[in-house]
Number of protein chains: 2
Amino acid sequence: MTTVSRAFNEKAIIKAETRKNILAIADKIGYVPNFNARGLVTKKKFIIGVFFSSLHDGTSTSFFSAAIGSLYDALPDNYLLSINDIKRVNSFEQLVQNRVDGVLVVSQSDDDDEFIYQVKSSGIPLVVINRYISDREICNIASDDFAGLKDGVDYIASRGHKRIGMIEGIAGFTSSVQRRQGFDQSVISNNLTPVEAAIKIGDYSSKTGQEKMAEILALPKEQQPTCVVCGNDDTAIGALRACYLNGVKVPDDISLIGFDDIFYSSVSIPSLTTIRKPIGQMAGLGIKDLIAIINGEKVDIANRVKIQPQLVVRESVAKL
Amino acid sequence: MTTVSRAFNEKAIIKAETRKNILAIADKIGYVPNFNARGLVTKKKFIIGVFFSSLHDGTSTSFFSAAIGSLYDALPDNYLLSINDIKRVNSFEQLVQNRVDGVLVVSQSDDDDEFIYQVKSSGIPLVVINRYISDREICNIASDDFAGLKDGVDYIASRGHKRIGMIEGIAGFTSSVQRRQGFDQSVISNNLTPVEAAIKIGDYSSKTGQEKMAEILALPKEQQPTCVVCGNDDTAIGALRACYLNGVKVPDDISLIGFDDIFYSSVSIPSLTTIRKPIGQMAGLGIKDLIAIINGEKVDIANRVKIQPQLVVRESVAKL
DNA sequence: CTGTTAGCGCCTTCAC
DNA sequence: GTGAAGGCGCTAACAG
C-alpha cells in the first residue's frame, strides 16, 4: 500500500523499476489516487482559488477570458482552478480557508483590499496580480501602467498632436491614478497642451466612454483636442461610437487611443491604437509564484514585479 | 461529534434547538466541516466540472464570460466550479472521474462527442448545453438556432430585402447546419433570392468574416446581395470591417445581421442587429438539472429543452 | 528500498 | 433525539 503511494508521489524514494511496474498496473486497472483521502492526510486541496473583483461588471470579458486562459497554461496538472467573484464570497471559511491551497487575486480596485487582508491574515498563500499593492509582504505582480500610458502619449506627441484630452478610468482605482500620472508626465516632457474641458472622469465602461466623448465633441470646434486618450479600450470603443453618431471621423477629424488591447480593439472601426496590458504574463507568473509559495519554496515576495505594457499601433491616431 | 455532524447536514434528524446551539458555537470558534473528510465518506467532491470546447479559439470571449456568470448564479453554495478545456483533458480519470461530482459540457462542436460519451459511459452525472444532442439518454439544453435564424431572415424580408447572402459558421457544426436551415426555410417562405455567389463558408471568426465579406463586395455591383446574414456576431464584426475598408456604408449600401448578441455588437459601428442566444438561461437550467441528477432526483432527461433565441433590432439592417 | 501501523475528520450504522 | 464504534483511502513515522 505504501509502496503504491510512493509510486504516485514524485519525490518519494522508490526503485525506478518498482514504480514503473506499479504505474503500469494502475493504468491497466484504472486506479487513480483519491484526492479526498490524500488531502485529508496532507491537508491539501489541490485547488487554487482565483478571485476577480467582479465577474459581472467592471471586468471586461476579453480580460477575463485572457486571464483564465493563461492561468491554465501555467497551472500544474492535478490542480484545479476555482474561479470566483470577491463580491460573492459569503463565507470566507467555507469558500476559501477550507477549500483552496492558495489564492490568486486578480484585483482591479481598492475595494478588494479587505478581502486581500483577510486572506493574508489567515495565512493562506496569496498572490495579487493586476494592481499595485504597496504592502511588501504580499507577492504582487502588476503592469507598469504609468510607463504604458506615458509611451502612448509620447507616441501621440510624435504624430504631431498638441492639444489632448482624456477620459479617465474609475476614480480611485490604482490603475486610473497611474495612467493619469503617465499622461501628465508625457504632457510635461513633450510640452503638450492638456485641454481642461476635455479631461473627463469615466468608469472604464463603453457607455460612459460614449457619453463623455459626446460632451467633448459638443465643445466649440476651436476648443476641442486633436486626440483623446481613453482609460481603457472599452472606453475608447464607446468614444468611437460617439464620434460615429456625431458624424465625426476617426482619425481624420479626431484621434483616439485606448489601453488594454482587448480583442475587439483589433476589429473596431477604425481599429484602435492602444497599449497592450500583459495580462497573460501576469497571470502566468502569478500562478508560478503561488505554487512555489504553496510548496514552501523561497519566493522573493518583496520584489515588486512590474511588467511593461507595449504600444500597439493601429489606425486610430492620425499623423498631423 | 455525531450531533455536530448532524447539525451541519440539512436533512439529518436533530432537535432544532440543539442545531441552533451547535451552529452558534461553530460560528464563534470558526469551525467549518472539512470537505476532504466529508467527501472521503460520502464520495462527493462538491465540485462541478464545466468543460468548454475550447478556451482559446472558437469560444467568443463574451460567450465565455456570460456562461460563467450565469453558472455561478445557479450554483448552490458550497459547490465549486472547475472550468476546463475539453482539448486539454489529459487524464480523464484524474481530471474528471476522480475530482468532480458532475460534468456540464458547453459544447460547440461534434468534436466534443468523444468526451461526452466518455463521461456518459463512466456514469458521471452529465448535462450538455449549447448544442443539440440527439441521444435521448443525455440531458440536453440547447437554443433553437433554426427558429432564431428564421426569425432574423423573416425580419430582413419585412424590411424589404430580396437578394440575400450568408457567411456560414464552421462546416459541420450543428449550429451552422441549423442556422443554415433556418435561412433556407425563411428564404422559401418569404420568396427571397439567395445569391449563390454570396453564400460563403466561414468559421465563426472575425478574420474569416472580414475575408469572406471582402469577396462578396468584390462581386459586380448588380450581383451583390442587399443584406448578408452572418453565422455569428464575430463574423459580422469582421464583415463590418471589410465594408469599412472598402468604403461601403452599413446599412446604407449593404445590410448585415449577426447571431449571439455578444457585448460588442451593441457598441460596434453601426451597432449590430442580431439574434440573442440565451446562453445565460441555458447555463442556469443546465446547472439546476445537473445538481438534481447528482442528488438523485428525477429529471426528465429525454425532454430535449430548446430555448428560443430573440431578435434584437439595432442599426445594421436598412429599410429598403 | 519496502512493509507495518496509526490516524487525518467526517458520516453511517447501531445502540440507547 | 443523542452518543459510541467503525471505517472511508491515503500518507507519515517507524522498523526492517
Side-chain angles (χ1 to χ4, degrees), chain A residues 1-47 76-80 91-102 122-124 291 294-296, chain B residues 1-47 76-80 91-101 122-124 294-296:
Chain A
M1 221 167 111
T2 310
T3 307
V4 172
S5 169
R6 283 197 261 262
F8 278 91
N9 283 68
E10 290 291 324
K11 58 254 169 169
I13 296 164
I14 182 174
K15 211 200 302 180
E17 199 194 325
T18 312
R19 167 173 286 152
K20 216 183 75 186
N21 288 339
I22 293 178
L23 259 29
I25 295 172
D27 193 50
K28 194 159 64 186
I29 64 175
Y31 167 84
V32 188
N34 177 311
F35 274 82
N36 280 328
R38 182 184 271 183
L40 187 58
V41 178
T42 59
K43 272 116 183 65
K44 291 191 70 174
K45 290 97 188 173
F46 299 100
I47 302 176
D77 279 354
N78 83 22
Y79 266 91
L80 251 39
S91 161
F92 184 80
E93 284 86 6
Q94 190 156 323
L95 189 54
V96 186
Q97 204 135 271
N98 207 23
R99 300 228 55 184
V100 304
D101 296 318
S122 71
I124 299 171
I291 296 290
I294 289 172
N295 291 335
Chain B
M1 222 167 107
T2 310
T3 308
V4 172
S5 168
R6 283 197 260 261
F8 278 92
N9 283 69
E10 291 291 324
K11 57 251 170 172
I13 296 164
I14 182 174
K15 212 200 302 179
E17 199 194 326
T18 313
R19 167 173 284 151
K20 216 185 74 186
N21 289 338
I22 292 179
L23 258 28
I25 296 174
D27 193 49
K28 196 158 63 186
I29 64 174
Y31 168 85
V32 187
N34 177 311
F35 275 82
N36 281 327
R38 181 182 271 183
L40 188 58
V41 178
T42 59
K43 271 118 182 66
K44 290 191 70 174
K45 289 99 189 173
F46 299 100
I47 302 176
D77 279 353
N78 84 22
Y79 267 92
L80 251 39
S91 162
F92 184 79
E93 283 86 6
Q94 189 154 325
L95 188 54
V96 185
Q97 202 134 275
N98 207 24
R99 300 229 55 184
V100 304
D101 297 319
S122 71
I124 299 170
I294 289 172
N295 291 335

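Remember, it's a predicted structure, so these values are computed and weren't measured experimentally. Naming convention: chains lettered A, B, ... in sequence-line order (proteins, then strands); numbering from 1 in each chain.
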Asker: Would you name the heavy atoms of A/A37 and B/L40 that are closest together and state the gap between them?
Answerer: CB-CD1, 3.4 Å

Asker: Please examine the side chains of B/V32 and A/Q97, heavy atoms only from C-beta on, and report whether any two atoms are closer than 4.5 Å.
Answerer: no

Asker: Do A/I47 and B/F35 have side-chain heavy atoms sitting under 4.5 Å apart?
Answerer: no

Asker: OP1 or OP2 of C/dG9 versus the side-chain N and O atoms of A/K43: is any pair under 4.0 Å?
Answerer: yes

Asker: To the nearest angstrom, how far is A/N34 atom CG from D/dG9 atom C1'?
Answerer: 6 Å

Asker: Stepwise, does the side-chain contact (heavy atoms from CB on, under 4.5 Å) test hold for B/K45 with A/N36?
Answerer: CA-CA 8 Å; B/K45 289 99 189 173; A/N36 280 328; 4.2 Å; yes

Asker: Keeping A/R6 on the side-chain end and A/K15 on the backbone end, is there a donor-acceptor pair under 3.5 Å?
Answerer: no

Asker: Determine whether a donor-acceptor pair (one donor, one acceptor, N or O, separation below 3.5 Å) exists between the side chain of A/T42 and the base of D/dA12.
Answerer: no

Asker: Measure from the side-chain heavy atoms of B/T2 and tell me the nearest of C/dG9, D/dA4, D/dA12.
Answerer: D/dA4

Asker: Any donor-acceptor pair under 3.5 Å linking the side chain of B/R19 with the backbone of B/N9?
Answerer: yes

Asker: Roughly, in whole Å, what's the span from CE in A/M1 to C1' in C/dC8?
Answerer: 13 Å

Asker: Base, sugar-phosphate or nothing for B/F35? Non-hydrogen atoms, less than 4.0 Å.
Answerer: nothing

Asker: Tell me the interatomic distance from A/K45, atom NZ, to C/dC8, atom C1', rounded to whole angstroms.
Answerer: 12 Å

Asker: What residues from residues 4-27 of chain A pass a heavy-atom cutoff of under 4.0 Å to DNA chain C?
Answerer: A/R6, A/I13, A/I14, A/K15, A/T18

Asker: Could you check how far CG of A/L40 sits from C1' of D/dT11, rounded to whole Å?
Answerer: 10 Å

Asker: Name the residue closer to the 5' end of DNA chain D, choosing between B/T3 and A/Y31 according to the nucleotide with the nearest heavy atom.
Answerer: B/T3

